[in-house]
Amino acid sequence: MPDNRSFAAPIAVRLSRYTKADQEEILGNGDDPFGVASTGLTWLPKEEHFGIRHEDRLVAHTGLLRLPVAIGDTKTEVVGVGGVAVAPGRQGQGLARLVLAAALAHARTMGPQHALLFCRPPLVPLYQRLGWHPLDGDVLVEQPESRLVTMPLRTMVTPLHDDAHWPSGPVRLFSPPM
C-alpha cells in the first residue's frame, strides 16, 4: 500500500507563545533539559519565540530577548538568543539552522548590531558552523540579590548586520542571561 503522506520541507514560524508544556513537547520533562542546571544560574524568559512543527508536534524552538550590555567602555544592546532546542529524534536534520535563521531574521529588525548566546562547550562547533564566533575572555552576568558572576558557559556572538563590528574589551550583561 503506497504511503500518501506529504513530506513538505520544515518551515520555522514565529510562535505567539511558548510554554513549559511546549518545551516538554520538544525535550521531554527531564529535570535539566538544556544541561545547564549545574551552573546554578537564574535565566530570563525569552520574549520572542520561533518554532518548527512536524505533524502537529513542536520539534524545534529558539527564543529572543533584547538586553543591555557593556563591551569595554561601550554600552549598547544585544539580542540574546536562548532556549535553542531540537527534539532528540530530529537532531542532525538542519532544524537548528532553520529555527535560528528565522529568529535571526527577526533579530535584524530589533535594532542591536549583534546577537549573543551562551552554550555548553560541546555545542560550540555546531554554532560555529552556523556563523557564530566564540568570545575570548570572561563575561559577567547579573544574578538575583545584585550578584555579579562570571558566565561558566561559552559566550558566542554573531553580527546581525553587514557593517557590525564587535568592540574589544570585557563584556558585562546588565541582566541575568537569557
Side-chain angles (χ1 to χ4, degrees), residues 8-69 77-112 114-124 126-127 130 132 139-158 160 173-178:
I11 298 172
V13 298
R14 192 167 179 184
L15 304 173
S16 60
R17 64 180 177 80
Y18 183 73
T19 66
K20 178 75 170 162
D22 293 323
Q23 177 183 303
E24 289 176 355
E25 186 174 9
I26 299 170
L27 297 173
N29 60 0
D31 290 338
D32 188 12
F34 293 99
V36 297
S38 65
T39 66
L41 295 174
T42 297
W43 299 84
L44 291 175
K46 277 46 89 189
E47 293 180 350
E48 307 285 340
H49 302 277
F50 296 82
I52 297 173
R53 291 195 177 281
H54 177 72
E55 297 179 354
D56 294 327
R57 178 176 175 243
L58 195 60
V59 295
H61 168 267
T62 298
L64 303 176
L65 179 64
R66 192 171 168 160
L67 299 168
V69 65
E77 290 184 311
V78 294
V79 176
V81 176
V84 180
V86 175
R90 300 298 309 261
Q91 293 173 0
Q93 299 175 13
L95 299 183
R97 177 183 302 276
L98 286 173
V99 76
L100 276 166
L104 291 177
H106 180 75
R108 288 180 184 89
T109 71
M110 294 172 68
H114 290 88
L116 180 140
L117 64 76
F118 302 109
C119 70
R120 294 179 293 115
L123 296 175
V124 169
L126 166 69
Y127 287 110
L130 299 177
W132 293 79
V139 173
L140 298 176
V141 298
E142 293 182 2
Q143 289 291 282
E145 301 169 6
S146 300
R147 291 184 306 129
L148 195 60
V149 302
T150 300
M151 171 53 71
L153 302 174
R154 196 63 197 256
T155 305
M156 301 189 78
V157 298
T158 194
L160 295 174
L173 192 62
F174 291 103
S175 73
M178 57 294 147

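In terms of heavy atoms, Gln143 sits closest to Pro177 at NE2-CD, 3.4 Å. A pairwise comparison of heavy atoms in Gly83 and His61 identifies O-ND1, 2.7 Å as the closest pair. Residue Glu25 comes nearest to Asp56 through the heavy atom pair OE2-O, 3.8 Å, listed as atom of the first residue, atom of the second, then distance. Between Met151 and Trp43, the shortest heavy-atom distance links the atoms CE-CH2, 4.1 Å. Nearest heavy atom pair, residue Arg57 against residue Ile26, reads NH2-O, 3.7 Å. Looking at every heavy atom in both residues, Leu65 comes nearest to Pro45 through CD2-O, 3.5 Å.
For the pair Arg14 (side chain) and Ala102 (backbone), a donor-acceptor distance under 3.5 Å is absent. Looking at Arg154, its side chain never comes within 3.5 Å of a backbone N or O of Cys119 through a donor-acceptor pair. Counting only distance, with no hydrogens or angles, the side chain of Gln91 and the backbone of Val86 share a donor-acceptor pair below 3.5 Å. Proximity of a side-chain donor or acceptor of Arg90 to a complementary backbone N or O of Leu95 within less than 3.5 Å is not detected.
Taking CG of Leu15 as the reference point, atom CD of Glu48 lies at 10.5 Å (rounded to 0.5 Å). Between atom CE of residue Met156 and atom OH of residue Tyr127 there is a gap of 9.0 Å, rounded to the nearest 0.5 Å. In this structure, CG on Leu153 lies 5.5 Å from OG1 on Thr39, to the nearest 0.5 angstrom. Here Leu173 contributes atom CG and Leu140 contributes atom CG; the two are 9.5 Å apart, rounded to the nearest 0.5 Å. Note that the CD atom of Glu142 and the CG atom of Leu148 stand 6.5 Å from one another [nearest 0.5 Å]. One distance of note links NE2 of His106 with NE2 of His49; it measures 11.0 Å at 0.5 Å rounding.
Among the candidates Val79, Val81, Leu130, Thr62, the single residue satisfying the side chain to side chain contact (heavy atoms under 4.5 Å, CB included) test with Leu104 is Val81. Among Val59, Ile11, Leu58, the single residue meeting the side chain to side chain contact (heavy atoms under 4.5 Å, CB included) criterion with Arg53 is Leu58.
Side-chain atoms of His54 and Pro10, non-hydrogen and from C-beta on, never get closer than 4.5 Å to each other. Between Pro176 and Leu41 there is no side-chain heavy-atom pair separated by less than 4.5 Å.
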Verify side chain to side chain contact (heavy atoms under 4.5 Å, CB included) between Lys46 and Tyr18, making sure each step is shown before the conclusion.
CA-CA 9 Å; Lys46 277 46 89 189; Tyr18 183 73; over 6 Å; no
Evaluation steps, side chain to side chain contact (heavy atoms under 4.5 Å, CB included), between Leu67 and Leu116
CA-CA 10 Å; Leu67 299 168; Leu116 180 140; over 6 Å; no
